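The structure displayed is predicted, hence computed values, not measured ones. Hydrogens, waters and symmetry mates play no part in the numbers below; they use all other heavy atoms, side chains included.
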Amino acid sequence: MAKTNSRKQQKEKKPSFITRFVRGTVLSSDFFARHWLPTLIFIVVMMVYITTKYTCKTNMERIAALEKKLEIVENERSRERSAFMSRIRETSMQQMVDSLHLNLRVQPQPPYKIPRD
């Protein structure tokens, strides 16, 4: 009788983890039926994590694009400001010359050079 019991124990050897994983017996439907709440919470947490990560990446891309746009606008503002300041200086100089009655005017055309031949 002892020999038959030892033979049954040898024959009823548990399959390896890889075999159980391939056949799908590692996590059976009974496991999910018993632990449905923690499983649901885990899935919700993972969905929230993925959503947050996606939102963060898209917002970082948006920030980078807006920073580039801001740099372009700042450069353009600087260029416009310098052009405006040069016009103001010219106008203020013209007003000062007019107030001193020096009879100086800004030439509308650049001076023409006569070539010597």
Side-chain angles (χ1 to χ4, degrees):
M1 195 57 111
K3 289 183 182 182
T4 57
N5 284 341
S6 65
R7 286 184 190 166
K8 284 184 183 178
Q9 287 176 355
Q10 288 176 354
K11 288 182 181 179
E12 294 178 14
K13 197 176 192 182
K14 254 188 164 181
S16 69
F17 178 76
I18 296 172
T19 308
R20 289 185 307 158
F21 184 76
V22 169
R23 291 184 180 169
T25 58
V26 175
L27 293 175
S28 63
S29 60
D30 186 41
F31 172 82
F32 291 108
R34 281 184 280 137
H35 303 289
W36 66 272
L37 185 62
T39 306
L40 180 67
I41 291 172
F42 177 75
I43 291 172
V44 168
V45 166
M46 291 306 293
M47 297 283 279
V48 168
Y49 172 75
I50 292 169
T51 304
T52 305
K53 191 172 181 181
Y54 174 76
T55 305
C56 180
K57 282 193 175 201
T58 54
N59 285 341
M60 287 176 69
E61 290 174 1
R62 186 185 214 182
I63 288 170
L66 288 174
E67 282 178 347
K68 287 179 185 177
K69 191 173 181 180
L70 176 65
E71 185 178 340
I72 291 169
V73 168
E74 283 178 346
N75 289 337
E76 196 148 324
R77 180 188 62 93
S78 176
R79 186 182 59 78
E80 289 293 329
R81 184 175 187 272
S82 66
F84 176 72
M85 292 304 282
S86 69
R87 286 189 209 119
I88 288 178
R89 286 189 201 113
E90 184 179 332
T91 306
S92 64
M93 290 297 284
Q94 185 65 40
Q95 287 175 352
M96 185 175 74
V97 167
D98 289 344
S99 68
L100 295 174
H101 303 291
L102 297 175
N103 287 333
L104 297 174
R105 301 270 180 235
V106 177
Q107 293 181 356
Q109 296 179 352
Y112 182 74
K113 293 186 179 181
I114 300 174
R116 291 186 186 182
D117 287 326

Legend entry - Steps toward side-chain contact (heavy atoms from CB on, under 4.5 Å) verdict (E76, R79): CA-CA 5 Å; E76 196 148 324; R79 186 182 59 78; 3.9 Å; yes

Inset, instruction - Establish whether L100 and V97 are linked, either directly or via other cluster members, by ILVMFWY side-chain heavy-atom contacts under 4.5 Å. - result: yes

Inset, instruction - Determine whether T58 and R62 make a side-chain contact, defined as any pair of heavy atoms from C-beta on separated by less than 4.5 Å. - result: no

Inset, instruction - Report yes if the side chains of K57 and M60 come closer than 4.5 Å at any heavy-atom pair, otherwise no. - result: no

Inset, instruction - Would you kindly confirm whether V45 and L37 end up in one hydrophobic cluster when ILVMFWY residues are joined by side chain heavy atoms under 4.5 Å apart? - result: yes

Legend entry - Interatomic distance, I50 atom CD1 to M47 atom CE [nearest 0.5 angstrom]: 7.0 Å

Legend entry - Atom pair OG1/CZ of T39 and R34 - distance to nearest 0.5 Å: 10.5 Å

Inset, instruction - Establish whether V73 and L66 are linked, either directly or via other cluster members, by ILVMFWY side-chain heavy-atom contacts under 4.5 Å. - result: no

Inset, instruction - Return yes when atom CG of N75 has more than 12 non-hydrogen atoms of other residues, nucleotides or ligands closer than 6.0 Å, and no otherwise. - result: yes

Inset, instruction - Check the side chains of Q94 and D98 for a donor-acceptor pair under 3.5 angstrom, ignoring hydrogens and angles. - result: yes

Legend entry - Interatomic distance, L70 atom CG to I63 atom CD1 [nearest 0.5 angstrom]: 12.5 Å

Legend entry - Spacing of NZ belonging to K68 relative to CD belonging to E71, to within rounding of 0.5 Å: 9.5 Å

Legend entry - Interatomic distance, L102 atom CG to M96 atom CE [nearest 0.5 angstrom]: 8.5 Å

